[in-house]
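Here is the structure we will look at.
In what follows, chains carry the letters A, B, and so on, assigned in the order in which the sequence lines appear, proteins first and then strands, with residues in each chain numbered from 1.
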Amino acid sequence: MSKNLTSRSEDYSKWYNELVVKADMAENSAVRGCMVIKPYGYAIWEKMQAELDRMFKETGHQNAYFPLFVPKSLFEAEEKNAEGFAKECAIVTHYRLQNDPDNEGKLRVDPEAKLEEELIVRPTSEAIIWNTYKGWIQSYRDLPILVNQWANVVRWEMRTRLFLRTAEFLWQEGHTAHATKEEAWKETKLINNVYANFAENFMAIPVVQGLKTESERFAGAEETMCIEALMQDGKALQAGTSHFLGQNFAKAFDVKFTNKEGKQDHVWATSWGVSTRLMGALIMTHSDDKGLVLPPNLAPNQVVIVPIYRNDEQLEEITNVANNIMSDLRAKGVSVKFDNRTTHRPGAKFAQHELQGVPLRIAIGPKDLENGTVELARRDTLTKEIVSLDNLADIVKNLMTEIQDTLFNKALSFRDSHITEVDTFDEFKDVLEGKAGFISAHWDGSSETENKIKELTKATIRCIPIDNKAEEGKCVLTGNPSKQRVLFAKAY
RNA sequence: CGGGGUGUAGCGUAGCCCGGUUAUCGCGCCACGUUUGGGACGUGGAGGCCGCAGGUUCGAAUCCUGCCACCCCGACCA
């Protein structure tokens with residue numbers, strides 16, 4: 001392993017790929033486009049899952065699990081949804097292998113074992129879930145249904161990148177059913193708020209909440225809300241989406257209920273999801289040329305203690321001090337690891353923990369034993385200070401909050417300084433090619449204009465921010481009248 | 001899926017154009033010793049179906065064909 005990462009300025013995407021692998025989060029597998037998430041990366045994902053799961057349950061949702069496979073006839077029922085995902089589906093056509101008579105020791109697909117009906121490996125689960133909901137709903141008394149599932153899905157992507165776009169990925173998908181349009185809309189917004197809250201307060205990633213334009217909308221949705229984040233290279237990343245599905249799926253799957261007035265009506269629906277792509281957002285928001293930088297909320301180990309010693313007696317003394325520190329920290333809910341490996345020298349440990357983004361390092365050496373101190377090294381600021389053992393646990397506990405806040409504020413000021421208002425198309429192109437980031441510009445509201453801008457610049461409308469103020473203006477491309485600005489950016 | 005590139009030990013690589021001893025070097029790995037406040041040093045050692053499958057040839061890492069994977073640029077996408 002070479003010692004240093006490629007720097008971000010040298011080659012951003014190489015930096016990203018190296019970082020994911022060297023920090024031991026994930027690696028490519030023997031399966032095209034599919035990754036192995038390694039224990040360290042998975043531990044971070046589990047932190048995200050735990051918090052999101054808590055938030056979903058707090059807002060009244062329950063977990064369930066639906067099948068990996070979707071019969072083709074169900075998959076095609078909601079036309080737009082089917083069309084949207086058709087190009088990237090894995091399909092099961094057979095159910096048995098046999099010894100290959102022409103090729104000793106090899107297997108082949110048994111031609112006799114062809115399925116009557118092909119099974120689609122879910123790229124998303126609306127179809128199988130709405131087919132199921134049909135049997136669960138007769139009356140308004142059966143509503144709402146507020147269900148989430150943690151699952152894997154498969155989308156046969158042409159170009160894959162670890163965490164950002166893999167052929168198989170892990171996610172959660174919520175699927176809710178409601179008696180009224182208003183209630184379904186409320187749910188859509190509620191979840192988008194949950195996502196924004198989670199991104200900002202837990203992951204320290206500032207996001208813009210907004211609505212997608214028609215062409216960026218989820219296939220089968222009437223409206224798509226989203227949270228959009230900005231990466232350090234000035235590209236936007238869609239971090240989560242919450243869809244208002246109207247009655248599209250209820251109609252496609254004939255899910256009706258009897259309302260209070262005794263009349264039949266189709267159910268209103270939402271669906272919403274975030275995926276392991278959030279790992280990519282995490283990495284590209286906070287990390288630096290030394291490696292991963294983790295907000296304390298997401299760190300598998302918030303603190304690591306590294307002993308520096310010349311002999312066994314010293315190590316023993318340091319171990320005693322470390323044990324005391326650990327029990328104090330754990331009592332305050334801070335996770336801590338004592339890196340007492342004898343196989344690595346301190347410098348190597350420092351470098352490794354920096355690469356892996358541990359928020360705070362405590363080093364204890366002979367000088368500290370003498371003085372009753374430890375050395376604290378912050379990953380976010382790369383600063384070091386010597387502090388007394390007195391009140392250490394309180395200091396560390398407070399530092400966790402401070403590091404979390406510092407990371408958020410740093411990302412926020414980067415993001416805010418990369419939202420540029422432009423009023424001409426020349427400016428638009430200049431900003432896009434130079435400073436990058438979000439561009440706030442007037443748009444005439446037509447898909448044609450949106451597509452034209454995409455063709456000309458590769459920038460897409462990331463969203464129409466929900467807190468947009470009304471402002472008369474002229475479309476940056478066509479000069480047609482516009483009532484508000486929208487956010488453009490190149491995106492992942 | 002279209003264009004370009006790359007595949008040699010765990011990682012990074014030389015050799016390939018112009019076929020011919022035992023496939024080069026660095027890191028990492030193992031053993032022993034000395035070390036330990038920012039990626040240690042010395043000595044010794046192990047590790048290779050040269051991406052996979054065919055073909056040409058007396059002989060292939062090297063030439064030819066097919067396939068696979070990865071990277072970059074497009075199209076697609078969370």
Measure from the side-chain N and O atoms of [X] to the backbone N and O of [Y], and report whether any donor-acceptor pair falls under 3.5 Å.
{"X": "A:Asn192", "Y": "A:Cys226", "answer": "yes"}
{"X": "A:Ser215", "Y": "A:Ser447", "answer": "no"}
{"X": "A:Arg379", "Y": "A:Ile403", "answer": "no"}

Report task. Please work out the stems of RNA chain B from pairs that are Watson-Crick or G-U wobble with both distances under 3.5 Å, keeping only runs of three or more consecutive pairs. Result -> B:1-7 with B:68-74, B:10-12 with B:25-27, B:29-34 with B:40-45, B:51-55 with B:63-67
Report task. Looking at every strand, decide which applies to A:Lys367 at a 4.0 Å heavy-atom threshold: base, sugar-phosphate, or nothing. Result -> base
Report task. List the steps, then state whether salt bridge (charged side-chain N to carboxylate O under 4.0 Å, His left out) holds for A:Arg462 with A:Glu216. Result -> CA-CA 8 Å; A:Arg462 301 320 305 152; A:Glu216 296 279 328; 3.7 Å; yes
Query raised in the report: Want to settle it: does A:Asp11 or A:Lys87 sit nearer the 5' end of RNA chain B, counting the closest nucleotide to each?
Result: A:Asp11
Query raised in the report: Does A:Trp171 or A:Arg32 map to a spot on RNA chain B nearer the 5' end, using the closest nucleotide for each?
Result: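 The residue whose closest nucleotide sits nearer the 5' end is A:Arg32.
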Requested in this report: Please determine, by modelled atom types, if A:Tyr492 and A:Asp233 share a side-chain donor-acceptor pair under 3.5 angstrom.
Outcome: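 Yes - a donor-acceptor pair under 3.5 Å links their side chains.
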Query raised in the report: Going by heavy atoms closer than 4.0 Å, what residues in residues 211-243 of chain A are next to RNA chain B?
Result: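 Nucleic-acid contacts, sorted: A:Gln238.
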Please tell me which of the listed nucleotides, [options], lies nearest to the side chain of [X]?
{"X": "A:Phe169", "options": "B:C70, B:C76, B:A78", "answer": "B:A78"}
{"X": "A:Asp368", "options": "B:A78, B:G37, B:G38", "answer": "B:G37"}
{"X": "A:Lys458", "options": "B:C72, B:A78, B:G74", "answer": "B:G74"}
{"X": "A:Arg159", "options": "B:C72, B:G37, B:C76", "answer": "B:C72"}
{"X": "A:Arg361", "options": "B:A78, B:G74, B:G38", "answer": "B:G38"}
{"X": "A:Ser275", "options": "B:C70, B:A78, B:G37", "answer": "B:A78"}

Query raised in the report: Passes salt bridge (charged side-chain N to carboxylate O under 4.0 Å, His left out), A:Glu222 versus A:Lys80? Steps please.
Result: CA-CA 11 Å; A:Glu222 306 237 307; A:Lys80 283 192 176 145; over 6 Å; no
Side chain [X] and base [N] donor-acceptor under 3.5 Å:
{"X": "A:Arg310", "N": "B:U35", "result": "no"}
{"X": "A:Lys384", "N": "B:G37", "result": "no"}
{"X": "A:Gln352", "N": "B:G39", "result": "no"}
{"X": "A:Arg345", "N": "B:G37", "result": "no"}

Report task. Return no unless some side-chain N or O of A:Ser13 is found under 4.0 Å from OP1 or OP2 of B:C72. Result -> yes
**Report entry** Passing option when A:Ser271 is tested against A:Glu173, A:His243, A:Glu187, A:Glu126 for side-chain hydrogen bond (donor to acceptor under 3.5 Å, both in side chains)
**Finding:**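 Among A:Glu173, A:His243, A:Glu187, A:Glu126, the one meeting side-chain hydrogen bond (donor to acceptor under 3.5 Å, both in side chains) with A:Ser271 is A:Glu126.
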Query - Working for side-chain hydrogen bond (donor to acceptor under 3.5 Å, both in side chains), residues A:Gln209 and A:Asp467 - result: CA-CA 8 Å; A:Gln209 283 202 63; A:Asp467 55 2; over 6 Å; no
Query raised in the report: Between B:C1 and B:U57, how far is it from one C1' atom to the other, in whole Å?
Result: 38 Å
Query raised in the report: Does A:Arg361 make a cation-pi contact with A:Phe350 (under 6.0 Å, within 45 degrees of the axis)?
Result: yes
Query - Atom pair CG (A:Leu412) and CG (A:Leu230), whose distance is rounded to the nearest 0.5 Å - result: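 So the gap between those two atoms works out to 11.0 Å.
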